[in-house]
Amino acid sequence: MNLKTFVQGFGAAVLVLILRVWPQLSSYHPVVYHSFLPMQSVVWGILVDLGIFTLIAALLFRYLKKNEAGLRTALWAFVAAELASALVTAFAAMRRAPIPYLSPDHVYVVILLAALVLRWLRPLDYRRAVHVFGTLLVLAGCSMVWMIPELLNQGLRAQRIDVRVPVTHPALVSDRKASGADGGRILWLLFDELSYDQTFDHRFPGLAMPAFDRFRSESVVFSDLKPAGYYTDRVIPSFFLGKLVDKIRSTLDGEPQVKLAGSQSWQPFDAHATLFSDAQRLGWTTGVVGWYNPYCRILEGTLNYCFWRMGDGQSDGALPDHSVWQNAMAPLVELGRGFEHKPGFAQEKHVQDQAAIMPEAEALIRDQSIGFVFIHLPVPHPPGAYDRNHLHATGSYIDNLALADKSLGELLAALSGTASAEKATVIVCSDHSWRVPMWRSTAVWTKEDEAASHGRFDPRPVLMIHFPGQQTEQDVTRPYDEIRIHEMIETMLHSQQPHFEPLLAGTAPSPASPRQ
């Protein structure tokens, strides 16, 4: 086997594994950011896979080159179709939207048929096309010059170790008194990807959401909310900072950097410029139970209690707490799930995350020593994690709406069992609406999703606020920017008795001494 064939094999391996490799090598380091650290076992698993796939592809290409005029040359058509299809799938996944007029299946069929017809009608041109294809694979394979050293660097370098959750930092006695049963509380409940349109305006026939309906009837409701963004990892930091985050990236140690809207420069995400730091300076105790964003890492030093689940990590099941071999085998395991028509890793992980987060969220609500509570739930975010009856790795967005309602009911029941319930301000919101264009081209999209959405994207997220003692609904129908959640909460943190009117007017919080 010569060097050229080996480099071609690496080029093919990169195209097949691009969804594993690119998130690890991207300058934004999304996998590092959203994973528990360290994650060297994931990196070494990728290197093992690259090595195995490179060897298999190189042996295949060596076999095909032995007789470039024989019947085996037809196999080049299948190889080209498969790699082109994989590339389209990868690009669509990375841009989080389908590529117009290009579906992986159509690309596969078109390239395969075109190549076979060319081989039959013009064999000489077909051989030239095979030569060009081989050259392109060599060019792709040359990426090994920087990919392998970068992966080796990530696999060998010492990486920070995330503290195992939950993380507890006891509050001072004065803080516990200020934020406990003797004082008010703020409960901020964020439901990921909750659509106002699907929850209230065009609810799916037969879907009951009694918890949301009851909460709405005793809250201030914003029906024309302008979203703060499209992606969770940017929207929620925007809420915390009070400034729109346009882009976010991570260092190899999982430390976030943000580029604010209107700015051209990157800056570190500053936990001490967030609502949680402000709350602690004002004498509140703070607690977070969340999903996807690495809350305990990015808000370190501003929380008295923290728990988070990392979402799906690598989409095919590679996880930092698995061995190198388990992570190397993850793509094959995921492929086997598909052949057996079983739910994929992302679906099963979604169910596990919801099951792990709910008990922690209820316990945090019952802990009256924590005055400012933020809970980020992974529902109704797809894929399906419910079947209208119990947690299960199947279902639709509509099923997940039912689960979101069930979850809200359980969280509010936990609050009602506390002595501070009557003095609590409760915020129910979402980071963004149901992103129909993103999910419509994926394998988790269902007929029920299509029927519910009609293929239409309504961008309005949810924002409802229940103030202490409120018993009637108050609707805000004029357009309202969701980013103003930040100033609303700042006003609540400063105020002994929060009211609706100054929040809607956008009154800036007045200077106040810490709560006593």
Side-chain angles (χ1 to χ4, degrees), residues 8-25 30-31 34-35 39 41-61 63 75 77-94 96 98-99 102-109 111-112 137 140 147 151 310-353 382-385 392-395 439 441-446:
Q8 281 181 329
F10 185 84
V14 167
L15 296 180
V16 171
L17 297 171
I18 192 168
L19 282 179
R20 298 205 80 200
V21 175
W22 185 249
Q24 200 71 46
L25 296 177
V31 174
H34 292 292
S35 296
M39 57 179 306
S41 66
V42 173
V43 177
W44 286 108
I46 293 172
L47 283 165
V48 169
D49 285 340
L50 280 173
I52 292 174
F53 275 85
T54 296
L55 182 60
I56 292 174
L59 290 173
L60 172 63
F61 297 155
Y63 168 76
L75 290 176
F78 290 90
V79 172
E82 188 64 44
L83 293 181
S85 174
L87 197 58
V88 170
T89 300
F91 277 130
M94 287 188 285
R96 304 186 187 185
I99 301 174
L102 279 180
S103 76
D105 291 341
H106 290 162
V107 168
Y108 180 89
V109 171
I111 289 182
L112 178 62
L137 286 179
M147 282 188 178
L151 288 171
M310 68 177 186
D312 60 5
Q314 283 275 8
S315 60
D316 56 17
L319 293 169
D321 57 354
H322 286 180
S323 68
V324 172
W325 182 245
Q326 284 177 302
N327 287 332
M329 292 295 292
L332 293 179
V333 173
E334 187 72 0
L335 188 63
R337 292 175 191 264
F339 285 143
E340 296 175 13
H341 303 289
K342 292 182 177 179
F345 167 78
Q347 290 173 279
E348 291 193 350
K349 185 69 167 54
H350 204 63
V351 173
Q352 295 166 6
D353 289 341
H392 194 266
T394 56
W439 296 107
S441 62
T442 67
V444 300
W445 188 259
T446 67

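Owing to the predicted nature of the structure, the values given are computational and were not obtained by experimental measurement. Atom set for the values below is all heavy atoms of this structure, side chains included, hydrogens, waters and symmetry mates excluded.
- With sequence neighbours left out, Q326 forms a side chain to side chain donor-acceptor pair (under 3.5 Å) with S323.
- The structure places CG of L319 at 8.0 Å from OG of S35, a figure rounded to the nearest 0.5 Å.
- The two atoms that bring A84 and I111 nearest to each other are CB-CD1, 3.3 Å, heavy atoms only.
- Inter-residue side-chain proximity for L112 and E82 is flagged as unmet; no heavy-atom pair is nearer than 4.5 Å.
- In this structure, the separation between CG on L60 and OH on Y63 is 9.0 Å, given to the nearest 0.5 Å.
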| request: Applying side-chain contact (heavy atoms from CB on, under 4.5 Å), run through M39 and V31 and close with a yes or a no. | output: CA-CA 9 Å; M39 57 179 306; V31 174; 3.4 Å; yes
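- In this structure, CG on L332 lies 11.0 Å from CD on E334, to the nearest 0.5 angstrom.
- Contact between A13 and F53 at its shortest, heavy atoms only, is CB-CB, 3.7 Å.
- The backbone N or O of H322 sits less than 3.5 Å from a side-chain atom of S41, completing a donor-acceptor pair.
- For the pair S103/V88, no side-chain contact is recorded, criterion being any heavy-atom separation below 4.5 Å from C-beta on.
- For the atom pair F10 CZ and L15 CG, the distance stands at 10.0 Å (nearest 0.5 Å).
- In this structure, the side chain of N327 does not engage the main chain of P320 through any donor-acceptor pair within 3.5 Å.
- Contact between G317 and A330 at its shortest, heavy atoms only, is C-CB, 4.0 Å.
- Between the side chain of T89 and the backbone N or O of P104 there is no donor-acceptor pair closer than 3.5 Å.
- Residues R337 and P343 are not in side-chain contact: their nearest non-hydrogen atoms beyond the backbone lie 4.5 Å or more apart.
- A salt bridge does not link K342 to E348: none of the charged nitrogens lies less than 4.0 Å from a carboxylate oxygen.
- The side-chain heavy atoms of I46 and L17, taken from C-beta on, include no pair separated by under 4.5 Å.
- Contact check for Q24 versus V42: side-chain heavy atoms found under the 4.5 Å cut-off.
- Put simply, the side chain of W22 does not reach to within 4.5 Å of the side chain of V14, judged on heavy atoms.
- I18 contributes atom CD1, which lies 11.0 Å from atom CG of L83 (distance to the nearest 0.5 angstrom).
- Between the CD1 atom of I56 and the CG atom of L59 there is a distance of 8.0 Å, given to the nearest 0.5 Å.
- Two residues are said to be in side-chain contact when any heavy atoms from C-beta on lie closer than 4.5 Å; F345 and V333 fail this criterion.
- Looking at W325 and W44, their side chains never come closer than 4.5 Å, going by heavy atoms from C-beta outward.
- Of all the heavy atoms in P30 and P23, the pair that sits closest is CD-O, 3.4 Å.
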